[in-house]
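Heads up, the thing below is written out as structure tokens.
Owing to the predicted nature of the structure, the values given are computational and were not obtained by experimental measurement.
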Amino acid sequence: MEELIQQIASKIKLSPELKASIKELFIEQKVPKKTQLLREFQYCQNLYFLSKGTVRTFYYHEDKIITSWFYNEGNFFSSWYSFYLQKPSFEYVEVVEDSTIYKISYDNYQLLLDRHSDFERFGRLLAEEYTAFIDQYSKGYMFLSAKERYQLLLTYFPDIELRVKLGDIASFLGITQETLSRIRSRK
């Protein structure tokens with residue numbers, strides 16, 4: 001819980017009341033690897049904070065699994081579209097390694113936003129940060145070679161090869177496993 005508190009405190013000033021509310025409303029959960037926290041067409045009811053482990057999001061396209069994102073420790077994650085808009089998800093959220101997460105329901109998240117103006121600021125800053133990062137990453141990403149995309153991934157997630165299946169990495173990069181193997185052999 002302390003890492004969650006520190007992550008929130010890195011963006012806003014935490015009053016004792018807000019800190020108590022966070023401790024009350026975020027629930028710790030130990031999740032075994034391969035657990036799907038969300039499936040396609042479900043409504044995402046939780047915002048998560050990843051204290052330990054790795055999570056990936058993916059979807060199906062023409063019967064192929066396409067990995068859309070990876071999250072590691074210290075990150076918030078969700079099916080952003082589904083959580084914020086409370087619409088059915090088009091993706092899956094899966095725990096890749098045994099993980100420790102903290103989750104807050106959509107209703108309790110809204111309660112924190114309503115009751116604590118500092119947390120409302122945190123919610124806005126979180127949404128801005130993730131939107132800006134995804135926008136920057138995706139726009140620059142499409143013009144990179146496969147090797148450059150791989151190197152960019154390693155800058156954000158240096159130990160990903162130790163934690164995630166190579167097939168999932170290849171899927172995320174939009175390349176075959178054979179191409180990924182060739183790129184990795186030339187490091």
- Task: Would you check if there is a donor-acceptor pair between the side chains of His116 and Ser21 at a distance under 3.5 Å?
- Result: yes
- Item | Cluster link Leu37 to Tyr43, ILVMFWY, side chain under 4.5 Å | no
- Side chains of Ser89 and Ser82: is there a donor and an acceptor less than 3.5 Å apart? no
- Query: Taking the inter-plane angle between the rings of Phe172 and Trp69 on a 0 to 90° scale, is it parallel (under 30°), tilted (30 to 60°) or perpendicular (over 60°)?
  - Reply: perpendicular
- Message: Clusters formed by hydrophobic residues whose side-chain heavy atoms approach within less than 4.5 Å: which one holds Ile65, and what are its other members?
- Response: Phe58, Tyr60, Tyr92
- Arg124/Glu128 salt bridge by N-O under 4.0 Å criterion: yes
- Donor-acceptor pair, side chain of Glu148 and main chain of Ser145, under 3.5 angstrom: yes
- Task: Using a 4.5 Å cut-off on heavy atoms from C-beta on, say whether the side chain of Ile8 contacts that of Leu14.
- Result: yes
- Task: Please round to the nearest 0.5 Å and tell me the distance separating atom CG of Asp98 and atom NZ of Lys33.
- Result: 6.5 Å
- Item | Sub-4.5 Å side-chain heavy-atom contact between Gln110 and Asp107 | no
- Message: For the backbone of Gly53 and the side chain of Tyr71, can you confirm whether one donor and one acceptor N or O come within less than 3.5 Å of each other?
- Response: no
- Query: Side chains of Pro32 and Val95: closer than 4.5 Å at any heavy-atom pair?
  - Reply: no
- Task: Could you tell me whether the side chain of Asn108 and the main chain of Ser105 form a donor-acceptor pair under 3.5 Å?
- Result: no
- Item | Heavy-atom check, side chain of Pro16 versus side chain of Lys19, under 4.5 Å | no
- Item | 4.5 Å side-chain heavy-atom contact, Met1 and Glu28 | no
- Task: Take Glu91 and Arg39 through the salt bridge (charged side-chain N to carboxylate O under 4.0 Å, His left out) test and state the conclusion after the steps.
- Result: CA-CA 6 Å; Glu91 65 186 344; Arg39 291 184 170 88; over 6 Å; no
- Message: Would Ser99 and Leu50 count as a side chain to side chain contact (heavy atoms under 4.5 Å, CB included) here? Give the steps.
- Response: CA-CA 7 Å; Ser99 297; Leu50 187 57; 4.0 Å; yes
- Message: Donor-acceptor check, side chain of Gln86 to backbone of Cys44, threshold 3.5 angstrom: yes or no?
- Response: yes
- Task: Assign the ring pair Tyr84 / Tyr109 to parallel, tilted or perpendicular, where the plane angle (0 to 90°) is split at 30° and 60°.
- Result: tilted
- Task: Answer yes when Glu73 and Lys52 have at least one side-chain N-carboxylate O distance shorter than 4.0 Å, and no when they do not.
- Result: no
- Enclosure of Lys11 NZ (heavy-atom neighbours >12, cutoff 6.0 Å): yes
- Taking only residues two or more places apart in sequence or in another chain, which ones pass salt bridge (Lys or Arg N to Asp or Glu O under 4.0 Å) with Glu94? Arg56
- Taking atom types as modelled and ignoring hydrogens, do the side chains of Arg182 and Thr179 form a donor-acceptor contact shorter than 3.5 angstrom? yes
- Query: Under 3.5 Å, is there a donor-acceptor pair between the side chain of Gln45 and the main chain of Tyr106?
  - Reply: no
